[in-house]
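Scope of the values below: all heavy atoms of this structure, side chains included, with no hydrogens, waters or symmetry mates. All chains are named by letter (A, B, ...) in the order of the sequence lines, taking the proteins before the strands, and each is independently numbered beginning at 1.
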Amino acid sequence: MAKPKIEPRLPKGMRDFLPGDMLKRDYVFGVVRDVFHLYGFEPLQTPVLELYETLMGKYGEDAEKLIFRAQHPGGKEELALRYDLTVPLARVVGQYQNEIVLPFRRYQMSPVWRGERPQKGRYREFYQCDMDIAGAVGQDADAEIVSLVATALRRLGFTRFSVNLNNRKLLTAVGVYAGVDGAALSELYRSIDKFDKIGADGVRDELIRRGLSAEVVEKIMRLITLELPRDEKLDFLDEMMGEIPIAREGINELRQLQTHLRQLNIPDENYGFDFTMVRGLGYYTGPIFEAIIPDGGVGSVAGGGRYDDLVGLFRGETIPTTGGSLGIERIIDVVEQFGLFPDHIAGTVVQTLVTVFDNSTRSESVALAGELRAGDVRTELYLQDKPIGKQIGYADKKGVLIVALLGADEIANGVVKFKRLKDGTEITVPRAEAVQAVKKLLQ
RNA sequence: GUGGCUGUAGCUCAGUUGGUUAGAGCGGUUGAUUGUGGAUCAACAGGUCGAGGGUUCAAGUCCCUUUAGCCACCCCA
């Protein structure tokens, strides 16, 4: 074999999805899309490229170093690949004030790009599945998002999962309670967020290392590591911090959220409170959530929360907004890991391969393929000149369920023979009944 | 940005304290079998051993540099 002139390879952190992968991905995207529609969310698509200035100043300094710049020679606009779907949404809500009626529910399933060092489960191009409601203040809106996430996970076949709830306002209150604010507060969040990874002792050590007094650290630890039944956690927080206005606000919001989730019939075991859960993005202002699948080994599979100030950056007024994102790449991994793909997601879309015996029968095979397609049978016509055994072998390797055999004998008798490969069943039927016969064999 | 591991056939990988012509499995092609696949058997094709430099009589193997990939940290989905 001659060495190819160009070595085939991908840019760092990019992936190809071969047909077998795509069929699985399309299935997951399809389930999720149906759930979006079920909850009344409308599709939105925005360009891959945004003006650089649209993206700047939204994600924080570190994140912005990861934004891909995009330019063509002589280009006058400063362009960049979108970093997420939330900022484009905010731009859209600011830009189409005549067309968009609030509250605006939209979803978007699209790739985003980040110039990070790739590693397991992290790529430079990956899909996000975002749903957001712009222009809704109440916790009924937050509950819609959480409920949607729970429904999507259920429909994908997960039963044991938990949506963990917290509130940015409570985290702020913890800071007040502990006498920490400003930059030290975000450091504090960062440490608390590591709770899952390094445990209570690890967090305690880190907080002390950050210069907090032992007394303050103990106060914080007691608050965030509550080992209480869910329904008592908020009461306890209320007792401890109820005097702090922002805490009272946060607690009330979570109470309302919980009430709405009950009304929406979300099973009790599928949500709970976790006051160590922080969420990275800086723009959250109210209730936040993260969905975890036990034993999934991938961290959270969905997350989101309320961010009341972001959209206002693109519009003269504040538009309270809440939303979330399904970690679709991780979800696909876990669906695979748990074996939750339905049987009909096979390695091919082809239901029937029409074989060609030789050039004298080719036109009849072509005609048969046309007839099967007219009958809505997904049909591939064999395109090379090879022995019939090779053609059947090709179908078998590819995972095609049925082959159509149409030789001189069959043509002379006006019939066609179908063979189901998994069990070798063969039936011969008149041409007029071909579609019917295939559909029967497929069952 | 920091650290660790790994680069040998299309893919997954062996390759001994340095020693003659670098191997296996899978995959590919052809045939045993010109109207019937999976199994088996046989044959064939396919390699500047990531790149560059060094040590040595001799380097896939040892040393240095470099590059790419993977993993962990940071951060995040």
Original post:
Below 4.0 angstrom, N of the basic side chain to O of the carboxylate: do A/E42 and A/R105 qualify?
Top reply: no
Subject >> B/U48 versus B/C44 - spacing of their C1' atoms, nearest Å >> reply: 23 Å
Original post:
Is A/E116 salt-bridged to A/K65, cutoff N-O under 4.0 Å?
Top reply: no
Subject >> RNA chain B-proximal residues of residues 399-410 of chain A, any heavy atom under 4.0 Å >> reply: A/L405, A/G407, A/A408, A/D409, A/E410
Original post:
OP1, OP2 of B/G28 versus side-chain N and O of A/K397: anything below 4.0 Å?
Top reply: yes
Original post:
When you compare B/U16 with B/G60, how far apart are their C1' atoms, in angstrom units rounded to a whole number?
Top reply: 13 Å
Original post:
Does A/R117 make a side-chain donor-acceptor contact with the base of B/C76, cut-off 3.5 Å?
Top reply: no
**OP:** Report the distance from atom CH2 of A/W113 to atom P of B/C76, rounded to the nearest whole Å.
**Re:** 21 Å
Subject >> Between P of B/A77 and CD of A/Q119, the distance in whole Å >> reply: 14 Å
Original post:
Looking only at atom C1', what distance separates B/A58 and B/U20, rounded to whole Å?
Top reply: 10 Å
Subject >> Atom C1', compared across B/C71 and B/C64: separation rounded to whole Å >> reply: 25 Å
Original post:
Could A/K398 and A/D396 be called an ion pair, given the rule that one side-chain N must be under 4.0 Å from one carboxylate O?
Top reply: no
Original post:
What nucleic acid atoms does A/G121 come within less than 4.0 Å of, heavy atoms only: base, sugar-phosphate, or nothing?
Top reply: base
Subject >> G-U wobble or Watson-Crick pairing nucleotide for B/U6 (cut-off 3.5 Å, both distances) >> reply: B/A68
Original post:
Across all strands shown, which nucleotide pairs with B/A24 by Watson-Crick or G-U wobble geometry, both distances under 3.5 Å?
Top reply: B/U12
Original post:
Considering only heavy atoms, which members of residues 418-443 of chain A lie under 4.0 Å from some atom of RNA chain B?
Top reply: A/K419, A/L421, A/G424, A/E426
Subject >> Lys/Arg N to Asp/Glu carboxylate O, A/E125 vs A/R15, below 4.0 Å >> reply: no
Original post:
Can you find an N or O donor on one side and an acceptor on the other, under 3.5 Å apart, linking the side chain of A/R15 with the base of B/G69?
Top reply: no
Subject >> side-chain hydrogen bond (donor to acceptor under 3.5 Å, both in side chains) evaluation trace for A/T86 with A/D130 >> reply: CA-CA 8 Å; A/T86 308; A/D130 276 22; 3.3 Å; yes
Subject >> Gap in Å between the two C1' atoms, one belonging to B/A51 and one to B/A68, rounded >> reply: 10 Å
Original post:
Who is the Watson-Crick or G-U wobble partner of B/C62, with both distances under 3.5 Å?
Top reply: B/G54
Original post:
Across the strands shown, which category fits A/Y394 at heavy-atom distances under 4.0 angstrom: base, sugar-phosphate, nothing?
Top reply: nothing
Original post:
Counting only Watson-Crick or G-U wobble pairs whose two distances fall under 3.5 Å, which nucleotide matches B/G47?
Top reply: none
**OP:** Can you establish whether the number of heavy atoms outside A/Q119 located under 6.0 Å from its atom CD is more than 12?
**Re:** yes
**OP:** Would you indicate which nucleotide in B/C74, B/G35, B/A77 comes nearest to any side-chain atom of A/K194?
**Re:** B/C74
Subject >> Watson-Crick or G-U counterpart of B/G1, or none if no pair lies under 3.5 Å >> reply: B/C73
**OP:** Could you work out the separation of B/U17 and B/C57 based on their P atoms and round it to a whole Å?
**Re:** 22 Å
**OP:** Ignoring backbone atoms, test whether A/K12 places a side-chain nitrogen or oxygen under 4.0 Å from the OP1 or OP2 oxygen of B/G69.
**Re:** yes
**OP:** Take atom P in B/U66 and the same atom in B/C73, then report the distance between them in whole Å.
**Re:** 26 Å
Subject >> C1' gap between B/U36 and B/A43, integer Å >> reply: 24 Å
Original post:
Under 4.0 angstrom, heavy atoms only, what part of the nucleic acid is A/K417 near: base, sugar-phosphate, or nothing?
Top reply: base
**OP:** State whether A/R431 and A/E364 are salt-bridged, where the test is any N-O pair (Lys NZ or Arg NE/NH1/NH2 against Asp/Glu carboxylate O) under 4.0 Å.
**Re:** yes
Original post:
Paired with B/C41: which nucleotide, if any, by Watson-Crick or G-U wobble criteria at under 3.5 Å for both distances?
Top reply: B/G31
